[in-house]
Amino acid sequence: MKAVSSKAESLLLKPPVDAYSESELEHRSPAEPVALSVDMRSSDEDSAPGLDDFSGLSSYERKRLKNIRENANFFASLQLSESAARLREMIKKRQPPELKRKRPKKKENEIGCRRSMRLLKVDPLGVSLPAALTEPTLDEEENPLLPPGPLEMIPENQDDSGELFKASLKTWAEMSKISSERTKKGLSSVKSYKANLSGMAISEATVRKVTRGAISSVALHPSEVRTLVAAGAKSGEIGLWDLTRQCEDEVYVFYPHSQPVSCLYFSPTNPAHLLSLSYDGTLRCGDFSSAVFEEVYRNEGSSPSSFDFLAEDASTLLVGHWDGHLSLVDRRTPGTSYEKLFNSSLGKIRTVHVHPVSRQYFISAGLRDVHIYDVRCLNSRRSQPLISLAEHSKSIASAYFSPVTGNRVVTTCADCKLRVFDSSSISSEIPLLTTIRHNTITGRWLTRFQAVWDPKQEDCFIVGSMAHPRRVEIFHETGKTVYSLLGECLVSVCSLSVMHPTRYVLAGGNSSGRLHVFMRQDSF
DNA sequence: ATCGAATGTCTCC
DNA sequence: TGGAGACCCTTCGA
């Protein structure tokens, strides 16, 4: 059905070439296919001459008109206009023009109105609309596809009974129970680190398309024995790829969100939980043991862009939103209970990250600013940041504390610079230590780069690159390139990458839904 | 303030 | 086989 529709769409745009003779093709003006699609709708009552009226025309014209009419009949018999209309409806529903609606929403916020006039059932001109007209569109706008509450974890790409998937789920739930008690070293010598990195390789077997849309978030399961990668996509999909399972069906695709999945983490306390945040306003927890995407948080009014675990036990979460406000989510209270902390007038929040040691501190990166806040000092009206990290001249893609001590911050900025700050003393000043020139102009189609620390190497971070041949770069905090991961199988820009917390496994996602995994041969 | 161009990769024909 | 079009909604510069 889907294939037929898309075929129909392409036919609409481009009439079949074989309907014309070769000589006609040469004379045909580019505008004619358009005219044809108009003819098709009203072939009976339009003013085009019938076959009988062809007497005054050249044989070429006659043949041409005959072809047009035959084509029109052919198209009419296919009922293409109906199919196309249905198709357009489907596309509209699948990917609602949310983002076009965003701009007017900004203005609504300025006047203190969080909801559109349509949602308030008020006509823009001030005339109230009949309820019958506004009711059906309400649900559409609230959430085009997904109902609130838990969603079953059913792969979209599996045709069989799902036995294979059930087996995978069981494995993932089991392996999540085995705690990885390997002592956190945090810092090995750069030399031995480099040696370990050089053992990492990519192969055809470790590159796989896992989502339809561009990857907007990546997460690696912390298991020491199996390699499980999760990718969130702009289309709202989540792809799960188990590289340890050596069979054809090792990729599973889910639709827990209707808009881009902006942030994705396995729970640090229970890695059988995959938490996903989306612009659709929801934060969900995919649970391998119950095979459900629970709804942890919902706020349809804003686009949540990033979250982090506030408490070490993952019971409370900090959620940053595009419009600049922050929410505190307590997972122990059921339903959607949350507290809106404050509304920053300073603009959008792209990432939030909690300090790994002093968990009352968190860093937010926005369009213009990078701020460190104390969560205890936040109030519902206006909260002043403790410190601002200056120097950034363009929009900031991310800011992260170093993984073990939090003594460093790495930021990725659109001004083509990666910056490392010294955050060892938060109460006073955050001096800039290093500036690294790095092409961050990914353009319109590619997900922006975000430099992230290697969780097992306190002084090194990972970032995608535009350089040829395509690579993922690992920098030391001093700005030196420690290593570049490349290989024949990496032929596109890996915008987002994550490193495994204990093993030498790195997963990078690109903007066409492909995951690229670098790993040591003994690491499979 | 507003608007158009540009960026890379994949898929389809 | 290669080239057009889709993707997407940012950023810069006119």
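Throughout, protein chains are lettered first and strands after them, A, B, ... in sequence-line order, and every chain is numbered starting at 1. Everything numeric in this text was worked out from a predicted model, so none of it was measured.
Distance A/Leu446 CG to C/dA6 C1': 14 Å, rounded to the nearest Å. Taking atom NZ of residue A/Lys209 and atom C1' of nucleotide C/dC7, one finds them 11 Å apart after rounding to whole Å.
Here A/Asn510 reaches the OP1 or OP2 of B/dC10: one of its side-chain N or O atoms lies under 4.0 Å away. For A/Arg514 and B/dC10, the shortest distance from a side-chain N or O to OP1 or OP2 is below 4.0 Å. Close to B/dT9, at under 4.0 Å from its OP1 or OP2, lies no side-chain N or O of A/Ser512. An OP1 or OP2 oxygen of C/dC12 is reached within less than 4.0 angstrom by a side-chain nitrogen or oxygen of A/Lys394. The side chain of A/Thr442 places no N or O atom within less than 4.0 Å of a non-bridging phosphate oxygen (OP1 or OP2) of C/dT10.
Nearest-nucleotide assignment on DNA chain C puts the 5′-proximal partner with A/Gly213, out of A/Asp415 and A/Gly213.
The aromatic rings of A/Tyr373 and A/Phe362 sit parallel to each other, their planes meeting at less than 30°, with 60° as the upper class boundary.
The aromatic ring of A/Trp445 does not stack onto the base of B/dT9, failing the criterion of a centre distance under 5.5 Å from the six-membered base ring together with planes under 30° apart.
Distance noted for atom P between C/dA14 and B/dT7: 15 Å (whole Å).
Under a 3.5 Å cut-off, the side chain of A/Trp453 and the backbone N or O of A/Tyr400 do form a donor-acceptor pair.
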